[in-house]
Amino acid sequence: RQWAFMDIDSIFHGNTTLICSTVSKSLKSSDRKFLTRGTGFYYDVLSDTPVPNTKFREIKNMSLVTNRHVLFKKIDGVEYLPDDFEFNLRKVKDNKISWEPIHLDATEVQKRTKVAPIETIDVAVIDVHDLIVDKVKESTYPDIRYISPFGVNKEQTLGNTKIPVEVGDDVLIIGYPYGYYDVVNCFPIVKSGTVASSLYNDFNGEPYFLVHAKLFPGSSGSLVISKPTNVISADSRFLYSKEKQFAFLGIFSSNPYVKILENDEHKPSEAEFDVGKVWYGRLIEKIIERGISFREKK
C-alpha cells in the first residue's frame with residue numbers, strides 16, 4: 001500500500017466512514033441496547049522515505065480514528081466496551097457504490113484500540129490495517145471492488161506543514177451529522193466553521209482548540225482540516241501546488257456547554273453556543289506509540 005497526493009474531492013469522499021457502536025447491558029430495570037452513531041476517519045503512518053524512483057510513500061499502518069465517547073458508551077458514569085462495533089468501506093458493484101460493513105466484537109475492539117492515559121482526552125485509535133488490506137484483496141475486477149480509503153498523516157498536522165492556520169481562519173468539518181449522507185455515493189457532509197481559539201495554546205490547558213460551527217449529534221469523530229488552497233505564503237515566498245493542500249487540524253468532539261446568567265434573576269442555565277472541541281491531530285501518533293488499551297471499570 002502506498003500514498004501520494006490525490007484530488008480534494010477524492011480525499012473528502014474516501015477518508016471518512018459512518019460508524020456505529022452497540023452496547024447491550026442488563027440493568028436493574030430491564031435489558032437494554034445502547035446504540036451510538038458517529039463519524040470515523042482514517043490515519044496513515046507513512047514510511048520515512050519515498051519508494052525509489054517515485055513520489056509514493058509506503059503506508060506502514062492505517063488506523064481508524066474517532067472519539068472515545070463514541071466507541072465506549074458511558075452508562076451511569078461507567079464506560080463499556082461495545083458488543084458490536086461497525087465501520088464501513090465503500091464497495092463498487094455494477095457501477096453502484098454501497099457501504100460494506102466490517103464488524104468487530106468486544107474482544108477485537110479491546111485488542112485493536114488504544115486511548116490516551118488521560119481519560120478526558122476524547123480520542124480513540126483503532127488498528128484496522130489488516131482488515132482493509134484483506135478486504136481490498138477480495139476485489140474481483142470488474143465485478144466488485146473496494147475503494148481503498150485515503151488517510152491523513154503526520155506530515156499534514158500543525159507544525160509539520162507549511163500551510164498557515166490561525167484563529168479566525170476557515171475550517172471544514174467532514175462527517176455524518178445525525179447519520180445523514182449522500183446514500184447513492186456514500187459521501188459525507190462537509191460543513192464549514194472558523195477557528196474560535198488559539199491554535200498554538202491549549203485551551204484551558206488541555207490539548208484541544210475550539211471551532212465555531214453549527215454541528216449536530218453524529219458529527220463526533222469528524223475530520224477537521226483547514227480550507228484547501230492552491231497557493232500559500234511561506235518563507236517570504238508564494239508557493240503553488242497543482243493539487244489543493246490543507247492542514248490536518250484534529251478530531252471534532254461534542255459541543256461544550258457553559259453556565260450563563262439568565263435574565264435579572266441570575267439563575268444559571270446551560271446553553272449551547274455553537275462552539276465545539278477539536279482535539280489536536282498530533283495526539284494520534286502519540287496514542288499509537290504510547291497509548292494504552294481500554295479497560296472496563298466495574
Side-chain angles (χ1 to χ4, degrees), residues 8-9 11-13 15-16 18-19 36-41 43 65-70 116 120-124 152 156-182 187-233 244-263 268-284:
I8 286 295
D9 203 57
I11 293 170
F12 283 4
H13 298 151
N15 182 273
T16 62
L18 185 69
I19 62 175
T36 304
R37 293 193 182 276
T39 300
F41 64 87
Y43 182 87
V65 180
T66 188
N67 288 146
R68 177 172 177 148
H69 81 263
V70 172
T120 55
I121 294 178
D122 194 12
V123 180
V152 290
Q156 295 170 303
T157 57
L158 287 172
N160 291 315
T161 177
K162 289 187 178 294
I163 296 175
V165 192
E166 58 188 4
V167 65
D169 284 353
D170 293 333
V171 297
L172 301 181
I173 303 102
I174 307 169
Y176 303 87
Y178 282 118
Y180 184 68
Y181 63 98
D182 176 352
F187 289 167
I189 304 301
V190 181
K191 301 201 72 175
S192 61
T194 55
V195 179
S197 68
S198 172
L199 278 169
Y200 304 97
N201 295 278
D202 293 353
F203 193 84
N204 282 338
E206 296 189 73
Y208 67 81
F209 64 95
L210 299 181
V211 292
H212 178 267
K214 185 67 176 179
L215 298 171
F216 302 91
S219 298
S220 291
S222 291
L223 174 72
V224 182
I225 64 172
S226 64
K227 187 175 181 179
T229 181
N230 293 100
V231 179
I232 64 170
S233 175
K244 285 187 175 182
Q245 305 297 313
F246 60 85
F248 165 47
L249 303 180
I251 310 101
F252 178 79
S253 188
S254 55
N255 294 45
Y257 289 79
V258 293
K259 295 285 186 180
I260 62 171
L261 299 181
E262 189 176 67
N263 302 324
S269 64
E270 292 191 340
E272 189 174 14
F273 55 106
D274 294 343
V275 296
K277 296 178 181 179
V278 179
W279 299 91
Y280 287 111
R282 66 172 185 262
L283 292 169
I284 298 173

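Position 1 is the first residue of the sequence, and the numbers go up from there.
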### Query
Checking side-chain contact (heavy atoms from CB on, under 4.5 Å) for the pair T39/F252: CA distance, chi angles, key distance, verdict?
CA-CA 9 Å; T39 300; F252 178 79; over 6 Å; no
### Message
Is there a side-chain contact (heavy atoms from CB on, under 4.5 Å) between V211 and V275? Walk through the geometry before answering.
### Response
CA-CA 5 Å; V211 292; V275 296; over 6 Å; no
#### Entry: Intermediate values then yes/no, side-chain contact (heavy atoms from CB on, under 4.5 Å), I284 and F248
CA-CA 11 Å; I284 298 173; F248 165 47; 3.7 Å; yes
### Query
Would V65 and V123 count as a side-chain contact (heavy atoms from CB on, under 4.5 Å) if you check the C-alpha gap in whole Å, the side-chain angles of each, and the deciding distance to 0.1 Å?
CA-CA 7 Å; V65 180; V123 180; 4.2 Å; yes
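Between the S226 side chain and the A247 main chain, a donor and an acceptor come within less than 3.5 Å of each other. In this structure a side-chain-to-backbone donor-acceptor pair under 3.5 Å is present from S219 to F216. Judged purely by atom type and a 3.5 angstrom limit, N67 uses its side chain to pair as donor or acceptor with the backbone of D122. Formation of a donor-acceptor pair under 3.5 Å by the Y280 side chain with backbone atoms of L199 is found in this model. Between the S197 side chain and the L210 main chain, a donor and an acceptor come within less than 3.5 Å of each other.
Shortest non-hydrogen contact noted between P188 and I174 is CG-CG2, 3.6 Å. Contact detail for G175 and S222: the closest heavy-atom pair is CA-OG, 3.4 Å. G193 approaches A213 most closely through the heavy-atom pair CA-CB, 4.0 Å. The two atoms that bring P228 and K244 nearest to each other are CB-CB, 4.0 Å, heavy atoms only. Of all heavy-atom pairs between P207 and W279, the closest is O-CE3, 3.5 Å.
To the nearest 0.5 angstrom, S198 atom OG is 9.5 Å from E166 atom CD. Atom OG1 of T194 and atom CG of D169 lie 9.0 Å apart (nearest 0.5 Å). A distance of 11.0 Å separates CD1 in I121 from NZ in K277, rounded to the nearest 0.5 Å. Here OG1 of T161 is found 9.5 Å from CZ of F246. Values are rounded to the nearest 0.5 Å. Here the NZ atom belonging to K162 is positioned 13.0 Å from the CD atom belonging to Q245, to the nearest 0.5 angstrom. For the atom pair CD1 of I189 and CG of L172, the computed distance is 13.0 Å after rounding to the nearest 0.5 Å.
The shortest distance between side-chain heavy atoms of V171 and I173 falls below 4.5 Å. In this structure, L249 and L158 have side chains that are in contact, with non-hydrogen atoms separated by less than 4.5 Å. Looking at heavy atoms from C-beta onward, V278 lies out of side-chain contact with Y208 at the 4.5 angstrom threshold. Counting heavy atoms from C-beta on, the side chains of I19 and V70 come closer than 4.5 Å. Between H69 and S253, some side-chain heavy-atom pair lies under the 4.5 Å cut-off.
Taking the six-membered ring for Trp, F209 and F203 have ring centres at least 6.0 Å apart.
Within 6.0 Å of the CZ atom in R37, the count of heavy atoms belonging to other residues, nucleotides or ligands does not exceed 12.
D170 has no carboxylate O lying under 4.0 Å from a charged side-chain N of K191, or vice versa, which leaves the two without a salt bridge.
A donor-acceptor pair shorter than 3.5 Å can be found between the side chains of T16 and Y176.
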